[in-house]
2 protein chains.
Amino acid sequence: MATTSAVSAQDQILDAAEALFARQGLSRTTIKEIGAAAGQNPALLYYYFGNKEALYRAVLERTVAPLIERGADILAHVASPADAIRALIGAQIEFFLAHPNAPKLFIREMIDHDARRAEAVILTVAAELFTRLRNVIEHGQREGIFRRDVESRFAAVSTISQAIYFAIARPAVGIFFGLGTAGVTDQTAREFARHAGEFAVRALSPLETAA
Amino acid sequence: MATTSAVSAQDQILDAAEALFARQGLSRTTIKEIGAAAGQNPALLYYYFGNKEALYRAVLERTVAPLIERGADILAHVASPADAIRALIGAQIEFFLAHPNAPKLFIREMIDHDARRAEAVILTVAAELFTRLRNVIEHGQREGIFRRDVESRFAAVSTISQAIYFAIARPAVGIFFGLGTAGVTDQTAREFARHAGEFAVRALSPLETAA
DNA sequence: GTCTATACGGGGATAGAC
DNA sequence: GTCTATCCCCGTATAGAC
């Protein structure tokens with residue numbers, strides 16, 4: 001697809017912009033900064049993307065949309081409700097490890113949603129993931145493997161919250177774990193994913209049934 | 001304390017700044033905007049606070065520090081570990097209802113931590129709350145009312161994550177709940193708090209013991 | 001303590017050469 | 001497609017009158 005170099009100028013700009021937007025947000029990040037980080041002329045940015053806002057949306061589309069789509073995919077393809085929950089959380093953590101900028105971009109978009117003219121596409125996609133998870137939980141409730149006295153909508157929120165918060169709160173969690181602000185290792189993140197899956201499944205399980 | 005008006009100019013500036021910083025973040029919010037929202041001359045801001053960054057820190061100190069201190073307080077004063085967890089989550093939600101700007105300010109500070117020169121005071125206080133919660137959980141494990149095959153640090157993260165994420169994700173959660181982007185009612189938030197407390201306690205409880 | 005006027009820098013964006 | 005030069009606006013911050 002690329003006409004000239006192995007990594008096109010567009011992609012270099014997108015990569016640099018993604019990192020800076022995640023780290024600093026949209027308004028703190030300047031066009032010139034992105035150009036410097038990308039090793040490209042800042043004016044190129046306008047040639048390819050039109051303006052800063054459009055570049056931001058391109059970054060969002062490339063990075064955070066797949067996160068949510070991946071989750072919805074898993075829920076649709078895993079048979080057991082309990083395993084679907086475990087797999088969903090595992091996939092979230094793996095996604096964050098592979099795309100470290102994604103969680104911050106996602107949360108920034110949530111938080112900024114009512115302060116920007118941004119189309120709420122991210123929100124509706126996120127809401128759809130919620131709905132699918134809810135359906136999985138209700139499926140488990142009908143089958144009797146999840147307790148019925150739990151509001152499925154609330155349980156979906158509780159389930160989703162763990163991995164995202166873990167990723168976002170990494171600085172504080174790092175201090176908490178006694179690692180300074182450096183953050184947590186990938187291995188610890190994976191251990192947390194296992195924990196979080198069990199945590200949610202246990203919270204949903206009736207007292208009599210073992211996991 | 002106030003020398004002239006019922007609400008001092010400082011407080012009006014702090015109130016306006018708090019709302020704008022929560023909604024837009026530090027960099028997107030301008031001095032003139034704050035002045036207009038506060039009904040005060042923008043230059044006054046420099047007289048009272050020195051500069052924008054210092055005003056931001058004053059807002060943070062006033063709004064988000066109490067959130068964490070309140071939580072630590074509860075953990076220190078509630079007897080049963082299970083009730084302490086329920087009370088902590090309940091207090092978080094109540095705090096967010098009383099101070100709607102707090103969760104966004106808190107999360108912004110977390111996310112921006114490595115992009116700003118900000119002292120990490122918020123992070124260390126948050127980490128201390130984690131530690132106290134962990135101690136409560138381990139206390140419950142020693143007493144046999146919580147299962148011992150759970151990493152207490154991970155469980156603390158899972159427990160804390162629910163209320164904060166619920167507050168932050170309100171737009172998406174509102175869509176998910178079928179309420180448009182308007183957001184969730186206070187009553188729904190309180191119901192979620194009850195749910196989240198039970199969710200965490202159940203996840204920690206051995207299979208044999210009823211809640 | 002409060003207001004007006006303004007200096008100063010930096011950011012987004014465009015024109016136009018190559 | 002890429003680069004240079006530059007315009008214009010607007011944001012922070014200060015000086016100084018009242």
Side-chain angles (χ1 to χ4, degrees), chain A residues 1-62 105 108-109 112 115-119, chain B residues 1-60 105 108-109 112 115-119:
Chain A
M1 260 74 171
T3 52
T4 49
S5 54
V7 179
S8 67
Q10 285 102 312
D11 284 340
Q12 283 181 274
I13 292 171
L14 283 170
D15 289 343
E18 177 187 308
L20 287 166
F21 287 151
R23 184 180 160 84
Q24 307 177 338
L26 175 62
S27 55
R28 257 182 81 80
T29 302
T30 72
I31 297 285
K32 289 160 190 171
E33 214 176 359
I34 296 170
Q40 298 289 341
N41 191 301
L44 263 187
L45 200 152
Y46 293 95
Y47 178 77
Y48 285 123
F49 299 96
N51 59 35
K52 191 178 159 184
E53 176 76 22
L55 170 60
Y56 176 76
R57 260 177 287 139
V59 165
L60 223 54
E61 210 61 42
R62 193 187 66 153
L105 286 171
R108 284 189 191 283
E109 187 58 19
D112 290 342
R116 292 227 333 282
R117 51 241 164 253
E119 323 91 83
Chain B
M1 260 75 173
T3 53
T4 50
S5 56
V7 179
S8 67
Q10 286 103 315
D11 284 339
Q12 283 181 274
I13 292 171
L14 283 170
D15 288 343
E18 178 187 307
L20 287 165
F21 286 151
R23 186 179 159 83
Q24 306 177 339
L26 175 61
S27 55
R28 257 182 78 81
T29 303
T30 73
I31 298 286
K32 290 164 187 170
E33 216 175 358
I34 296 170
Q40 299 289 341
N41 191 300
L44 263 186
L45 201 152
Y46 293 95
Y47 178 77
Y48 284 123
F49 299 97
N51 60 36
K52 191 179 161 185
E53 177 76 21
L55 170 61
Y56 176 75
R57 260 176 287 140
V59 166
L60 222 55
L105 285 171
R108 283 191 191 281
E109 187 59 19
D112 290 342
R116 293 227 334 282
R117 50 235 166 256
E119 321 92 83

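Both backbone and side-chain heavy atoms feed into the values below; hydrogens, waters and symmetry mates do not. Every value quoted in this text rests on a predicted model; they were computed, and no experiment measured them. First the proteins, then the strands, lettered A, B, ... as listed; each starts at 1.
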Discussion item. According to side-chain hydrogen bond (donor to acceptor under 3.5 Å, both in side chains), who are the partners of A/N41, at least two apart in sequence or on a separate chain?
Written reply: none
Worksheet entry | Residues which pass side-chain hydrogen bond (donor to acceptor under 3.5 Å, both in side chains) with A/Y46, listed by chain and number, not counting sequence neighbours | none
Just to verify, what does [X] make a side-chain contact (heavy atoms from CB on, under 4.5 Å) with, not counting sequence neighbours?
X      : value
A/E61  : A/A65
A/A17  : A/F21, A/I34, A/L55, A/V59
A/D112 : A/R108, A/R116, B/R108
A/Q40  : A/A9, A/Q12, A/I13, A/A38, A/L44

Worksheet item: Looking at DNA chain D, which of residues 24-41 of chain B put a heavy atom within less than 4.0 Å of it?
Response: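 Residues of residues 24-41 of chain B under 4.0 Å from DNA chain D: B/T29, B/T30, B/I31, B/K32.
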Discussion item. A/R23: which residues meet the salt bridge (Lys or Arg N to Asp or Glu O under 4.0 Å) condition with it, sequence neighbours left out?
Written reply: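 Partners of A/R23 under the salt bridge (Lys or Arg N to Asp or Glu O under 4.0 Å) test: B/D114.
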Worksheet, complete the sentence: What residues 44-54 of chain A contributes to the DNA chain C interface at heavy-atom separation below 4.0 Å is A/Y46, A/N51, A/K52
Fill in: Between D/dA13 (P) and B/L55 (CG): distance, integer Å
10 Å
Item to complete: Calculate, to the nearest 0.5 Å, the distance between atoms CD and CG belonging to A/E18 and A/L60 respectively.
Response: 10.0 Å
